[in-house]
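This one's a predicted model, so the numbers in the text were calculated from it and none came from an experiment.
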Amino acid sequence: MELVRYRPGEVLKWLELGAGEFRRQARARGSEVLRRPDGSAVSQTIRKAAEAALDLGKGALAELAKLQAERTEYLLGENSFEAIQAGRLRSIRYDAVAEIRQKGDAFQIVLNNGRSMTIRPPAHLVVGRLRVPVGWIRNGMEVPYHVLLDELSARCGVNIQPS
């Protein structure tokens, strides 16, 4: 049986572009504060400085989310799978999985020894009120988010239980 690799979908590149846009806006607002014409209201200057700081924070948050998602990976082997989440590696045998519980977009993998781990989408696409989990790249091919859990369920021989 071949090794199957699940990585977050290519949509994460937009987080990097978004982070860059927030940084650009922060630089523009920051330079506006420095070029304050004489006589302008101090409150306006403070507001622009606060907006620049907020944009910088949003950019840093987007960059952090992208880095964290990029460091998420699942490797499915013949007898076990490895979960790499935020740089932390965890190897779990399929026969050690007692159940898989679903709560919204999160899936809790419960082991025979009572310990558990949670699989969450690396990101979501949001359009209006619609919020959809980002899918995976499975050995080079883009697949929906739930495919990883369906394959894990089949390999472990357990059904996914809704919570």
Side-chain angles (χ1 to χ4, degrees), residues 1-26 50-163:
M1 190 181 286
E2 72 174 288
L3 181 69
V4 178
R5 179 182 309 267
Y6 282 87
R7 299 182 66 215
E10 291 295 324
V11 75
L12 294 180
K13 69 181 177 185
W14 298 108
L15 279 174
E16 182 176 350
L17 293 172
E21 179 62 21
F22 283 126
R23 284 191 298 271
R24 187 194 64 72
Q25 288 175 3
E51 287 172 350
L54 184 61
D55 284 341
L56 206 55
K58 286 179 185 177
L61 187 60
E63 185 68 27
L64 182 63
K66 177 186 170 285
L67 290 173
Q68 185 175 4
E70 284 177 339
R71 294 177 68 190
T72 300
E73 191 171 338
Y74 298 92
L75 302 170
L76 281 58
E78 193 168 327
N79 299 313
S80 63
F81 70 98
E82 291 182 352
I84 304 166
Q85 298 171 321
R88 188 173 146 221
L89 174 68
R90 191 163 179 192
S91 184
I92 299 171
R93 295 188 50 83
Y94 297 127
D95 59 7
V97 175
E99 63 181 313
I100 300 175
R101 297 181 196 145
Q102 178 182 8
K103 185 174 182 182
D105 290 334
F107 290 83
Q108 186 178 29
I109 312 293
V110 181
L111 306 179
N112 291 329
N113 63 8
R115 299 182 75 185
S116 67
M117 68 169 283
T118 303
I119 297 176
R120 289 184 179 83
H124 286 85
L125 292 174
V126 179
V127 179
R129 293 184 179 194
L130 183 63
R131 184 175 188 247
V132 180
V134 168
W136 304 102
I137 296 178
R138 182 190 186 275
N139 286 0
M141 187 170 92
E142 199 149 5
V143 297
Y145 170 70
H146 65 85
V147 172
L148 166 63
L149 286 305
D150 291 343
E151 187 169 355
L152 264 178
S153 171
R155 288 177 183 238
C156 295
V158 298
N159 292 324
I160 298 173
Q161 305 296 320
S163 291

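For the residue pair Leu152 and Tyr94, the shortest heavy atom distance occurs at CD2-CE2, 4.0 Å. Residue Asn112 comes nearest to Ala98 through the heavy atom pair OD1-CB, 3.3 Å, listed as atom of the first residue, atom of the second, then distance. Residue Met117 comes nearest to Ile92 through the heavy atom pair SD-CD1, 3.4 Å, listed as atom of the first residue, atom of the second, then distance. The two atoms that bring Cys156 and Val97 nearest to each other are SG-CG2, 3.6 Å, heavy atoms only.
Under the 4.5 Å side-chain criterion, counting only non-hydrogen atoms from C-beta, Arg155 is in contact with Val4. Annotation: side chain of Ile109 is not in contact with side chain of Thr118 (no heavy-atom distance under 4.5 Å).
Not one N or O on the side chain of Arg5 forms a donor-acceptor pair closer than 3.5 Å with the backbone of Leu76.
Checked against side chain to side chain contact (heavy atoms under 4.5 Å, CB included), Asp95 has the following partners two or more places apart in sequence or in another chain: Arg93. Qualifying side-chain hydrogen bond (donor to acceptor under 3.5 Å, both in side chains) partners for Arg90, counting only residues two or more places apart in sequence or in other chains: none. Remark: Gln108 engages Arg101, Ser116 in a side-chain hydrogen bond (donor to acceptor under 3.5 Å, both in side chains) (not counting sequence neighbours). In this view, Tyr74 and Gln85 satisfy the side-chain hydrogen bond (donor to acceptor under 3.5 Å, both in side chains) rule, not counting sequence neighbours. With sequence neighbours excluded, the residues satisfying side-chain hydrogen bond (donor to acceptor under 3.5 Å, both in side chains) with Asn139 are Glu2.
Aromatic ring pairs are classed by plane angle as parallel below 30°, tilted from 30° to 60° and perpendicular above 60°; the pair Tyr6 and Trp136 is perpendicular.
A salt bridge (Lys or Arg N to Asp or Glu O under 4.0 Å) check over residues 102-118, counting only residues at least two apart or in different chains, returns nothing.
Annotation: the span from Leu75 atom CG to Ile84 atom CD1 amounts to 5.0 Å, rounded to 0.5 Å. With rounding to the nearest 0.5 angstrom, the CD1 atom of Ile100 is 5.5 Å from the CD1 atom of Ile160. Remark: Ile119 CD1 to Phe81 CZ distance equals 5.5 Å, nearest 0.5 Å.
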